[in-house]
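Order of appearance sets the numbers: ligands from 1, and atoms from 1 within every ligand.
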Amino acid sequence: AKADGKSSLRFFDAEMDQHIRERDQLERELKTAVARGDIRPFFQPLVDLRTKEIVGFEALARWSHPVLGAVPPDRFIPVAEDTGLIQELSESLLAESCRAALDWPTSVTLSFNISPVQLKEPTLGLRILAILARTGLPPSRLEIEITESALVRDLESARSVLTSLREAGVRLALDDFGTGYSSLYHLRNFKLDKIKIDRSFVSSMAHEHESAEIVSALVGLGHGLGLTITAEGVEGSEQEADLLARGCQQGQGYLFSQAVSAEEAVSLLRPGQDR
Ligand code: C2E
Ligand code: CA
Ligand code: CA
Ligand code: CA
């Protein structure tokens with residue numbers, strides 16, 4: 001058993017090494033990638049569960065790396081946060097996303113993720129509004145997605161940024177709802193427009209009574225507070241039917257579409273085309 005422990009430890013070390021090397025590589029190359037525009041937004045539809053219509057798209061960052069291939073955002077967003085590149089990266093992604101959104105019907109909104117680190121910057125609100133003005137996307141068509149950890153880290157800065165955005169007409173969504181901190185506190189203390197129920201509840205609804213009941217309760221709570229509820233990670237039509245039966249209005253997930261390029265997003269919107 002001792003030998004086993006040792007060899008698995010060595011294996012673990014090798015994996016860690018690999019991980020650290022890759023992170024170093026991403027860190028070195030991130031700046032050029034951002035400058036060259038190798039990291040671009042893809043768009044995943046948000047669907048009205050009753051009408052099946054696309055009501056919005058969430059921009060999701062994709063890095064097509066010349067050697068590593070498609071690097072997922074969970075790998076490079078943390079690097080961008082640590083190196084201070086997140087602001088530049090996020091601004092270029094937002095500008096490109098706004099330009100893409102101008103090709104959609106005016107009722108179709110753009111959802112955009114803001115990292116907790118960015119909310120510590122008090123000028124963030126003004127910067128976002130400047131990008132909207134420059135690209136010509138009306139603030140009412142933008143929805144900013146934040147996670148609860150953003151509100152915990154620097155409450156005062158977050159509050160002033162979010163207030164200035166909201167006053168300009170930008171909508172606010174609380175992402176990954178149910179996984180974080182004191183959720184109910186934030187529902188009371190921040191003016192929100194939407195909560196996105198985390199994928200973990202949606203995926204376990206069918207086999208876990210608790211998850212299904214939590215989804216029902218969140219939908220009821222959201223409605224009582226006048227919020228839109230979006231279910232994340234809808235992968236099957238049973239989940240879709242269950243969500244609909246529990247009164248959830250919006251869904252997002254592989255059942256409808258993965259994140260696609262701006263061109264493909266426009267073609268998903270063409271009338272006559274299902275989903
Ligand atoms: P998120 O905001 O919770 O985004 C949803 C993630 O779930 C996306 O992963 C999406 O591709 C994935 N997803 C959507 N539908 C399904 C489904 O049916 N099943 C499963 N298993 N997964 C589904 P992705 O694109 O890898 O993004 C991961 C995270 O990276 C995002 O989580 C978000 O927190 C962050 N991120 C992505 N783009 C940006 C960005 O531009 N800025 C910032 N700050 N963060 C970003
Ligand atoms: Ca999100
Ligand atoms: Ca989410
Ligand atoms: Ca997430």
> Should we count CZ of Arg62 as having more than 12 external heavy atoms under 6.0 Å?
Replying inline: yes

> Among the heavy atoms of Ser90, does any lie under 4.0 Å from an atom of ligand 1?
Replying inline: no

> Looking only at heavy atoms, is any part of Glu58 under 4.0 Å from ligand 1, and if so is it the side chain, the backbone, or both, or is it neither?
Replying inline: side chain

> Hey, are the side chains of Ile128 and Leu142 touching, using non-hydrogen atoms and a 4.5 Å cut-off?
Replying inline: yes

> What atoms of ligand 1 come within less than 4.0 Å of a heavy atom belonging to Glu235?
Replying inline: 17 (C), 18 (O), 19 (N), 20 (C), 21 (N)

>> Looking at non-hydrogen atoms alone, which of Ala70, Ser92, Pro73 comes nearest to atom 37 (C) of ligand 1?
In response: Pro73

>> Minimum heavy-atom separation for Glu22 and Leu68, please, with both atom names.
In response: CG-CD1, 4.3 Å

>> Parallel, tilted or perpendicular, judged at 30° and 60°: which one describes the rings of Trp63 and Phe76?
In response: perpendicular

> How many angstroms lie between atom CG of Leu192 and atom CD1 of Ile144, to the nearest 0.5 angstrom?
Replying inline: 13.0 Å

>> With heavy-atom distances below 4.0 Å as the criterion, list the atoms of ligand 1 near Leu60.
In response: 4 (O), 8 (C), 10 (C), 11 (O), 25 (O), 37 (C), 38 (N)

> Just distances here: any N/O of Glu145 and N/O of ligand 1 closer than 3.5 Å?
Replying inline: no

> Among Thr147, Val117, Ile77, Val234, which one has a heavy atom closest to atom 39 (C) of ligand 1?
Replying inline: Ile77

> Of the options Gln252, Glu58, Gln258, which is the one that meets Gln44 in a side chain to side chain donor-acceptor pair (under 3.5 Å)?
Replying inline: Gln252

> Taking Arg166 for the side chain and Lys191 for the main chain, is one N or O donor matched with an acceptor at less than 3.5 Å?
Replying inline: yes

> Which option out of Gln118, Lys196, Gln44, Gln252 puts a heavy atom nearest to atom 15 (N) of ligand 1?
Replying inline: Gln44

>> At less than 4.0 angstrom from any non-hydrogen atom of Asp74, what atoms of ligand 1 do you find?
In response: 28 (C), 29 (C), 30 (O)

> Hey, which protein N/O/S atoms does the Ca ion (ligand 2) have under 3.0 Å?
Replying inline: Glu58 OE2, Asn113 OD1, Glu145 OE1, Asp175 OD2

> How about Glu81 and Ser115: does a side-chain donor come under 3.5 Å of a side-chain acceptor?
Replying inline: yes

>> Side chain, backbone, both or neither: which applies to Ala61 and ligand 1 if a contact is any heavy-atom pair less than 4.0 Å apart?
In response: both

>> Side chains of Thr228 and Gln250: any donor to acceptor distance under 3.5 Å?
In response: no

>> Show the atoms of ligand 1 that are less than 4.0 angstrom away from any heavy atom in Glu232.
In response: 3 (O)

>> If I compare all heavy atoms of Ser267 with all of Glu264, which pair ends up nearest, and what's the gap?
In response: OG-O, 2.9 Å

>> Using a 3.5 Å distance criterion without hydrogens, assess whether the side chain of Arg246 forms a donor-acceptor pair with backbone atoms of Val215.
In response: no

>> Heavy-atom pairs closer than 4.0 Å: do any link ligand 1 to the side chain of Leu93, the backbone, both, or neither?
In response: side chain

> Looking at Ser115, which atoms of ligand 1 are within less than 4.0 Å of one of its heavy atoms?
Replying inline: 44 (N)

> Nearest heavy-atom pair of Pro45 and Ser257: which atoms, and what distance?
Replying inline: CG-CB, 3.5 Å

> Is there side-chain contact between Lys52 and Glu240, with at least one heavy-atom pair below 4.5 Å?
Replying inline: yes

>> Can you name the atoms of ligand 1, numbered from 1 with element, that are less than 4.0 Å from a heavy atom of Arg62?
In response: 11 (O), 24 (P), 25 (O)

>> With a 3.5 Å distance limit and no angle check, can you tell me whether Asp175 reaches the backbone of Thr147 through a side-chain donor-acceptor pair?
In response: no

> Which one holds for Asp176 and ligand 1: side chain close, backbone close, both close, or neither close, with close meaning a heavy atom under 4.0 Å?
Replying inline: side chain

> Below 4.0 Å from any atom of ligand 1, is there a heavy atom belonging to Glu81?
Replying inline: no

